[in-house]
Amino acid sequence: FLFNDTSTTEIYTEQIVGSVRCVQETGKQIVSTLASFEKIKEWADMGYWLQKIARQIDEYKCPDLPEKITFAKRLAQCLNPSLPHGVHLSALEVYRLIFKNMREANYNWSEDMALFSIGLFPLFQYATFQVKPVVRQLFQEYVLPLSRELIPCVTGLVVSILPGLE
């Protein structure tokens with residue numbers, strides 16, 4: 001059954017244009033939030049920044065992030081061993097949202113794994129007992145299912161997991 005009604009076509013077109021505008025606007029907000037990272041002075045500010053970026057990623061729902069390299073670097077900085085585990089858990093939630101969006105969009109994000117592994121892989125060896133289960137779950141749910149696409153990162157993954165096993 002085909003719709004020949006022009007009002008139905010206009011409604012669908014309007015919805016698509018509205019969705020594109022929303023993605024573009026949220027993308028601009030993400031870029032702005034990334035720029036604000038440089039103003040962070042304390043770890044508490046970093047926690048607030050991570051919560052803000054998590055809300056934006058959750059709204060964005062697009063697998064291709066703006067400023068992806070900068071984004072990966074900022075997330076890696078949030079996993080610094082000198083920061084408290086609460087900041088690490090917030091950063092891992094952002095990773096989870098990013099990976100979830102990529103998987104739901106059937107995006108071939110194995111190419112982006114190298115970017116995101118910069119911060120994620122080293123975390124496991126010094127993670128606290130509160131953080132390790134979250135990292136393991138992230139690996140099991142999003143990283144390991146990449147199977148063959150994970151081959152370029154296997155060495156880094158194994159080197160990160162072995163020292164952290166207890």
Side-chain angles (χ1 to χ4, degrees), residues 19 22-23 25-37 40 43-154 156-166:
S19 294
C22 179
V23 167
E25 186 61 36
T26 307
K28 289 177 186 175
Q29 291 173 356
I30 289 171
V31 171
S32 173
T33 303
L34 283 173
S36 72
F37 184 87
I40 293 176
W43 64 263
D45 296 334
M46 192 174 290
Y48 172 76
W49 182 87
L50 285 164
Q51 290 172 356
K52 185 175 180 179
I53 204 84
R55 280 192 308 271
Q56 291 170 347
I57 293 293
D58 199 32
E59 290 174 15
Y60 190 61
K61 301 282 187 218
C62 182
D64 197 21
L65 292 168
E67 304 286 332
K68 196 180 301 185
I69 294 172
T70 304
F71 205 105
K73 286 179 185 178
R74 298 300 181 229
L75 281 177
Q77 289 173 314
C78 293
L79 295 177
N80 185 310
S82 65
L83 293 171
H85 74 273
V87 174
H88 294 166
L89 291 171
S90 296
L92 291 172
E93 176 60 17
V94 174
Y95 276 104
R96 188 190 67 75
L97 289 169
I98 291 169
F99 294 164
K100 180 180 145 226
N101 288 349
M102 289 179 178
R103 184 173 68 187
E104 287 177 356
N106 291 324
Y107 180 78
N108 183 11
W109 63 282
S110 60
E111 297 171 7
D112 295 334
M113 195 64 220
L115 280 176
F116 292 110
S117 67
I118 292 169
L120 192 57
F121 285 0
L123 172 67
F124 194 70
Q125 63 186 350
Y126 59 80
T128 63
F129 69 92
Q130 296 99 333
V131 174
K132 279 188 183 182
V134 178
V135 176
R136 262 189 251 123
Q137 181 183 6
L138 205 60
F139 284 169
Q140 287 174 343
E141 194 171 335
Y142 298 103
V143 177
L144 295 178
L146 291 174
S147 61
R148 290 187 180 265
E149 289 87 18
L150 190 60
I151 290 174
C153 298
V154 166
L157 181 63
V158 170
V159 168
S160 73
I161 291 176
L162 287 178
L165 294 176
E166 295 171 1

Q: Rounded to the nearest 0.5 Å, how far apart are CD1 of Ile30 and CD1 of Ile57?
A: 4.0 Å
Q: Give me the atom names and distance for the closest heavy-atom approach of Ala91 to Leu75.
A: O-CD2, 4.2 Å
Q: Which atoms form the tightest heavy-atom contact between Leu83 and Gln77, and what is the distance?
A: CD1-O, 3.5 Å
Q: For Val94 and Ala54, work out which heavy atoms get closest and say how close.
A: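 Here Val94 and Ala54 meet closest at CG2-CB, 3.9 Å.
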Q: First locate atom OH of Tyr95, then atom OH of Tyr142, and finally report the distance between them rounded to the nearest 0.5 Å.
A: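 If we round to the nearest 0.5 Å, Tyr95:OH and Tyr142:OH are 14.5 Å apart.
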Q: Write down the atom of Gln29, the atom of Glu59, and the distance for their closest heavy-atom approach.
A: OE1-OE1, 4.3 Å
Q: When you compare the side chain of His85 with that of Phe129, does any pair of heavy atoms fall below 4.5 Å?
A: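 The answer is no, as the side chains (C-beta and beyond) never meet within the 4.5 Å cut-off.
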Q: Write down the atom of Pro122, the atom of Gly119, and the distance for their closest heavy-atom approach.
A: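 For Pro122 versus Gly119, the nearest heavy atoms are CD-O, 3.5 Å.
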Q: Yes or no on side chain to side chain contact (heavy atoms under 4.5 Å, CB included) for Lys73 and Phe37, after CA distance, side-chain angles and deciding distance?
A: CA-CA 11 Å; Lys73 286 179 185 178; Phe37 184 87; over 6 Å; no
Q: Does Lys28 offer a backbone N or O that forms a donor-acceptor pair with the side chain of Ser32 under 3.5 Å?
A: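 Pair absent, no side-chain N/O of Ser32 close to backbone of Lys28.
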Q: Quick check on the 6.0 Å ring-centre criterion: do Phe139 and Phe121 meet it?
A: yes
Q: With the side chain counted from C-beta on, respond yes when Val135 and Lys132 share a heavy-atom pair under 4.5 Å apart, and no when they do not.
A: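 Sidechains of Lys132 and Val135: no contact.
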Q: Is the shortest heavy-atom distance from the side chain of Tyr126 to the side chain of Leu79 under 4.5 Å?
A: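 Yes; the side chains approach each other to less than 4.5 Å.
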Q: Which atom names give the shortest non-hydrogen contact between Pro145 and Gln140, and what distance separates them?
A: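 Taking Pro145 first and Gln140 second, the nearest heavy atoms are CD-O, 3.3 Å.
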Q: To the nearest 0.5 Å, what is the distance between CG (Leu89) and OG1 (Thr128)?
A: 6.5 Å
Q: Assess whether a salt bridge exists between Glu141 and Lys100, defined as any Lys/Arg side-chain N lying under 4.0 Å from an Asp/Glu carboxylate O.
A: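 Result for this pair is no, no salt bridge flagged.
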Q: Measure the acute angle between the ring planes of Trp49 and Phe71, then classify it against the limits of 30° and 60° as parallel, tilted or perpendicular.
A: tilted
Q: Can you tell me how far CG of Leu115 sits from CG of Asp112, rounded to the nearest 0.5 angstrom?
A: 6.0 Å
Q: Which value, rounded to the nearest 0.5 Å, describes the distance between Leu50 atom CG and Trp43 atom CH2?
A: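 Interatomic distance, Leu50 CG to Trp43 CH2, rounded to 0.5 Å: 12.0 Å.
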Q: Would you find more than 12 non-hydrogen atoms of other residues, nucleotides or ligands less than 6.0 Å from Ile69 atom CD1?
A: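 No, the 6.0 Å shell around CD1 holds no more than 12 heavy atoms from other groups.
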Q: Can you tell me how far CG of Leu144 sits from CG of Leu138, rounded to the nearest 0.5 angstrom?
A: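 With rounding to 0.5 Å, CG (Leu138) is 10.0 Å from CG (Leu144).
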